[in-house]
Amino acid sequence: MSKHTVLTGITTTGTPHLGNYVGAIKPAIQASHGDGVRSCYFLADYHALIKCRDPEIVHRSTLEIAATWLALGLDTDKSIFYRQSDIPEISELTWLLTCVTAKGLMNRAHAYKAAVQENLDKGEDADFAITMGLFSYPILMAADILMFNAHHVPVGRDQVQHLEMARDIAQRFNHFFGEHFVLPEAVVDDNVAVLPGLDGRKMSKSYNNAIPLWLPEKKLRKSIMKIVTNSLEPGQPKQTEDSSLFAIYSAFANADQRQAMKKAFADGIGWGDAKQQCFELINGELAEARATYEKLISDPVRIEKRLQQGAERAREITVPFIRELRNAVGIRKLV
Ligand code: TRP
């Protein structure tokens with residue numbers, strides 16, 4: 001049996017926000033300190049190319065996301081932290097998998113289907129502006145996962161279908177060429193908070209309602225002051241249900257703090273006061289890491305070194321494994 005492996009990827013587009021922090025980064029970093037599993041975290045920069053054709057954004061975002069994970073205390077001794085594009089075996093595996101993947105399976109991918117539907121709704125050709133990158137995206141993701149024979153893959157709900165596809169692809173490869181791949185499973189944690197944004201909808205870059213993770217203190221405060229509330233005055237009791245401010249506060253609070261805020265709402269705390277407390281809580285949690293982040297981001301050489309060390313460790317796994325896989329499909333020396 002191969003060592004129990006947990007793996008997850010982070011697409012390098014955009015700047016991390018509080019929703020990413022609460023929903024994905026923080027739980028992953030906590031998990032990275034655990035023993036007994038091999039955990040792999042990687043910057044999915046090839047995935048970024050599917051959505052983004054601005055080289056500066058892809059490049060900058062890789063730096064920011066790497067600095068974020070390191071500043072927040074990712075344990076890179078216990079886990080393997082690397083950049084996808086530093087592992088050429090992943091691209092190589094992508095082709096081996098592409099050759100066993102049914103086109104019909106890819107036709108059913110939600111993200112692809114949604115893009116087609118959007119075209120049709122607008123009266124465009126079904127294929128308008130759809131690249132093969134978008135279409136084949138689940139195969140690249142399967143290669144990310146199968147390359148390390150990951151057992152568990154923590155992801156958001158929107159990625160569950162991609163995991164099913166990875167299993168399907170692994171099964172087909174195993175069927176044709178022997179048992180090489182573990183069948184991976186998605187792990188969706190329903191307990192992690194889905195953070196609302198400034199306007200109450202899910203915090204997301206695409207809704208323009210996100211609070212960036214590394215705002216300087218003053219700007220963070222300003223941004224929190226913009227969380228939408230209602231027109232109740234100080235002294236009037238307030239509901240915690242449906243309050244984005246309460247939800248955001250809660251995501252950072254311990255049980256006692258949450259209880260106290262709940263009581264303050266019932267007692268009619270003013271929105272300004274509640275927001276100030278929310279700012280202090282979040283700022284308290286992030287201030288130290290923010291200083292580390294700022295130091296790191298101004299020292300890309302150091303980050304690059306950490307990524308190279310990660311790649312080296314990753315390739316101790318991928319280089320022999322791709323040799324085995326090439327051999328299995330008949331790509332090998334003549335004699
Ligand atoms: N597609 C994932 C996302 O958008 C990111 C990702 C790429 C990933 N490769 C992966 C996640 C492999 C888990 C495993 O969130």
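Order of appearance sets the numbers: ligands from 1, and atoms from 1 within every ligand.
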Find all protein N or O atoms under 3.5 angstrom from an N or O atom of ligand 1 and list the pairs with distances, or write 'none'.
{"residue": "ligand 1", "atom": "1 (N)", "partner": "Tyr137", "partner atom": "OH", "Å": "2.5"}
{"residue": "ligand 1", "atom": "1 (N)", "partner": "Gln159", "partner atom": "OE1", "Å": "3.1"}
{"residue": "ligand 1", "atom": "4 (O)", "partner": "Tyr137", "partner atom": "OH", "Å": "3.3"}
{"residue": "ligand 1", "atom": "4 (O)", "partner": "Gln159", "partner atom": "NE2", "Å": "3.4"}
{"residue": "ligand 1", "atom": "9 (N)", "partner": "His47", "partner atom": "NE2", "Å": "3.4"}
{"residue": "ligand 1", "atom": "9 (N)", "partner": "Asp144", "partner atom": "OD2", "Å": "2.8"}

Please lay out, stage by stage, how Glu312 and Gln308 fare under the test side-chain hydrogen bond (donor to acceptor under 3.5 Å, both in side chains).
CA-CA 6 Å; Glu312 217 168 281; Gln308 290 311 320; over 6 Å; no
Listed by chain and number, what are the side-chain contact (heavy atoms from CB on, under 4.5 Å) partners of Asp35, not counting sequence neighbours?
Lys78
In this structure, which one of Tyr82, Phe42, Tyr41 forms a ring pair (Phe, Tyr, Trp, His ring centres under 6.0 Å) with Phe148?
Tyr82
Please name all residues satisfying salt bridge (charged side-chain N to carboxylate O under 4.0 Å, His left out) with Arg313, sequence neighbours left out, ordered by chain then number.
none
For residues Asp273 and Gln277, is any side-chain donor paired with an opposing acceptor at under 3.5 Å?
no
Just to verify, what does Arg201 make a salt bridge (charged side-chain N to carboxylate O under 4.0 Å, His left out) with, not counting sequence neighbours?
Asp199
